[in-house]
Colleague: 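My structure is below; once you've seen it, I'll send some questions.
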Amino acid sequence: MDAELIAVGTEMLLGEIVNTNAAYLARGLSQVGVTSHYQQIVGDNPERLDAAITVAEQRSQMIILMGGLGPTKDDLTKQVLAKHLGLQLVEDAAHRQKLDDLAKQRQKVMTPNNLAQALYPEGAVTLTNHVGLAVGAIVSGEAHQYVLLPGPPREFTVMVDRELLPRLMQGEKQHLVSRTLRFFGLGESALVTAIGDIIDGQDNPTVAPYIKDYEVTLRLTASAVSEAAANTMLDQLQARILAVLAPYYYATGANVTLAQTVVQELIARKISITAAESLTAGLFQATLGSVAGVSAVFPGGFVTYAPTVKHQLVGVNAATIADYGVVSRETACAMAEGARSALGTEMAVSFTGVAGPDSLEGHPAGTVWIGLATATGVRAEEFHLGGHRNEVRIRCVKTALMMLLHELRSN
């Protein structure tokens, strides 16, 4: 079977957002034996969308419409498709209940435009939206299949993985199982090069690399006669990959984050942590604070920008800064140990360096010292991080999280 992808949204034509959904879906379709020879982008215009569907019908068996299922006036995709096929829109009871429950929870009245998100073309098979409100659908015609998918990537990817691709696999009595491996500390090109033989030789399972938020993920997908068989294939492939990339690997999962992984390790080991931050200005502590349950291991911390505050809050001696400078191993160690002593935690992290754009004490922007204090001692490592000011700060926090993870897992 071949499929044509139609992304709906004027914002893509204006360059305001990038059509990442098409690339994601095309990769998924190829893994279940569905080819995609054509892709279109059309604005939020009923006449042009109808014309795009007509063109797609002339050359493709499956037409997949992405976007335009929401509650606003320009969300007209399912209305246009229903009219094109001469079908009525009917309400999905489960999705209507979901909308009603949400309105009750928020103590609001669900408006008619929001209720429209529970509508789908009559006779279609509905696709559950596990993280959003707009129902998806598969409409089977005499010569074509039509698929309706939401536009927001957060909703789109989940519906593709949990609803669409498994249904496409059912006809072949195969089980499609995916697994996401997450890495930090190695760029995409270096990572792909390191496992080049695995990627070049892939067939089933497949390996697809992605880069986002300064991290690289590998999406492994296997097709087999049973879910157990597919997982066995993925276990073997994962073992080959981690034999090469283990120092950069932190977790498996589509939605897990590096901060969540570190906090879970701290909680599991009942190890408390604090931090003294200079160039990151509290970003590390805010990142920890974004994880539910972190209060069990994180009592608080310090933001110590000025040298005098480094002395006042975490006891860094003025002589240490005078002799070695703010951007130094010695200052980073003193900050970490001072913070740990001040709050009585098992671990402490410190950050000092140059976020940029200007240099400091002769050190170029991106020069960073990260200190780590534990009950057994204190150490600091120097890093040279690329990017603009905020990129340096974000990379600095992630680098510290990875240091912590290695420390926790080595004990």
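Quantities reported herein were computed from a predicted structural model and do not represent experimental measurements. Positions are given from 1 along the sequence. For the numbers below, each heavy atom of this structure counts, side chains included, while hydrogens, waters and symmetry mates do not.
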Colleague: Measure from the ring center of Phe284 to the ring center of Phe351 and say whether it is less than 6.0 Å.
Modeller: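 Close enough - the centres of the two rings lie under 6.0 Å apart.
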
Colleague: Determine whether the side chains of Lys310 and Ser278 contain a donor N or O and an acceptor N or O closer than 3.5 Å.
Modeller: yes

Colleague: Could you state the interatomic distance from OG (Ser223) to CG (Asp203), rounded to the nearest 0.5 Å?
Modeller: 10.5 Å

Colleague: Is there side-chain contact between Gln145 and Gln61, with heavy atoms separated by less than 4.5 Å?
Modeller: no

Colleague: Using atom types as modelled and distance alone, determine if a side-chain donor or acceptor of Ser290 lies under 3.5 Å from a backbone N or O of Thr287.
Modeller: yes

Colleague: Is any side-chain heavy atom of Leu49 closer than 4.5 Å to one of Val8?
Modeller: yes

Colleague: To the nearest 0.5 angstrom, please state how far the CG atom of Leu186 sits from the OH atom of Tyr249.
Modeller: 16.0 Å

Colleague: Would you please say whether a donor-acceptor pair under 3.5 Å links the side chains of Asp101 and Gln97?
Modeller: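 The answer is yes; a qualifying pair exists.
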
Colleague: Of the non-hydrogen atoms in Ala124 and Ala137, which two are nearest, and what is the gap between them?
Modeller: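 For Ala124 versus Ala137, the nearest heavy atoms are CB-CB, 4.0 Å.
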
Colleague: For a side-chain hydrogen bond (donor to acceptor under 3.5 Å, both in side chains) with Arg179, tell me which candidate from Thr221, Thr252, Asn231 qualifies.
Modeller: Asn231

Colleague: Just verifying a value: how many Å separate Leu29 CG and Ser36 OG, rounded to the nearest 0.5 Å?
Modeller: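 If we round to the nearest 0.5 Å, Leu29:CG and Ser36:OG are 6.5 Å apart.
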
Colleague: Would a distance-only check, ignoring hydrogens and angles, find a side-chain to backbone donor-acceptor pair under 3.5 Å from Glu277 to Gly282?
Modeller: yes

Colleague: Taking Ser410 for the side chain and Glu407 for the main chain, is one N or O donor matched with an acceptor at less than 3.5 Å?
Modeller: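 Yes; judged by distance alone, with no hydrogens or angles, the pair exists.
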
Colleague: Taking Arg182 for its side chain and Val216 for its backbone only, find out whether a donor-acceptor pair lies under 3.5 Å.
Modeller: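 No, the answer is negative, given that no donor and acceptor are paired below the 3.5 Å cut-off.
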
Colleague: For a 4.5 angstrom cut-off between non-hydrogen side-chain atoms, does Val397 reach Leu401?
Modeller: yes

Colleague: Verify whether one side chain among Asp75 and Thr72 offers a donor that lies under 3.5 Å from an acceptor in the other.
Modeller: yes

Colleague: For residues Gln40 and Glu4, is any side-chain donor paired with an opposing acceptor at under 3.5 Å?
Modeller: yes

Colleague: Are any side-chain N or O atoms of Thr10 and backbone N or O atoms of Asp44, one a donor and one an acceptor, separated by less than 3.5 Å?
Modeller: yes

Colleague: Check the pair Tyr250, Phe183 against ring pair (Phe, Tyr, Trp, His ring centres under 6.0 Å), reporting the backbone distance first and the verdict last.
Modeller: CA-CA 6 Å; Tyr250 72 82; Phe183 302 87; 8.1 Å; no

Colleague: Hey, are the side chains of Met402 and Leu258 touching, using non-hydrogen atoms and a 4.5 Å cut-off?
Modeller: yes

Colleague: Taking C-beta and beyond as the side chain, do Ile273 and Glu346 meet within less than 4.5 Å on heavy atoms?
Modeller: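 No, side chains not in contact.
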
Colleague: Quick one: pull up CG in Asp2 and OG in Ser60 and give me the separation to the nearest 0.5 Å.
Modeller: 5.0 Å

Colleague: Will you find, in the side chains of Tyr24 and Asp161, an N or O donor that is under 3.5 Å from an N or O acceptor?
Modeller: yes

Colleague: Under a 3.5 Å cutoff, is there a donor and acceptor pairing between the side chains of His130 and Glu163?
Modeller: yes

Colleague: Would you be so kind as to tabulate the donor-acceptor pairs closer than 3.5 Å made by side chains of residues 206-214, with sequence neighbours excluded?
Modeller:
unit_1	atom_1	unit_2	atom_2	d
Thr206	OG1	Gln31	NE2	3.3
Tyr210	OH	Arg27	NE	2.7

Colleague: Using atom types as modelled and distance alone, determine if a side-chain donor or acceptor of Glu391 lies under 3.5 Å from a backbone N or O of His388.
Modeller: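 Indeed, once roles are kept as given, a pair shorter than 3.5 Å links the two residues.
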
Colleague: Under 4.5 Å between any side-chain heavy atoms of Val349 and Ile370, yes or no?
Modeller: yes

Colleague: State, yes or no, whether a side-chain contact exists between Leu25 and Leu5 at a heavy-atom distance under 4.5 Å.
Modeller: yes

Colleague: Is there a side-chain contact between Val135 and Leu119 in this structure, where contact means two heavy atoms from C-beta onward sitting under 4.5 Å apart?
Modeller: no

Colleague: Identify each donor-acceptor pair in which a side-chain atom of residues 81-92 lies under 3.5 Å from a protein atom, sequence neighbours left out, and give them as a table.
Modeller:
unit_1	atom_1	unit_2	atom_2	d
His84	ND1	Asp50	OD1	2.7
His84	NE2	Glu57	OE1	3.2
His84	NE2	Glu57	OE2	2.9
Glu91	OE2	Arg96	NH1	3.0
Asp92	OD2	Ala94	N	3.4
Asp92	OD2	His95	N	2.9
Asp92	OD2	His95	ND1	2.7

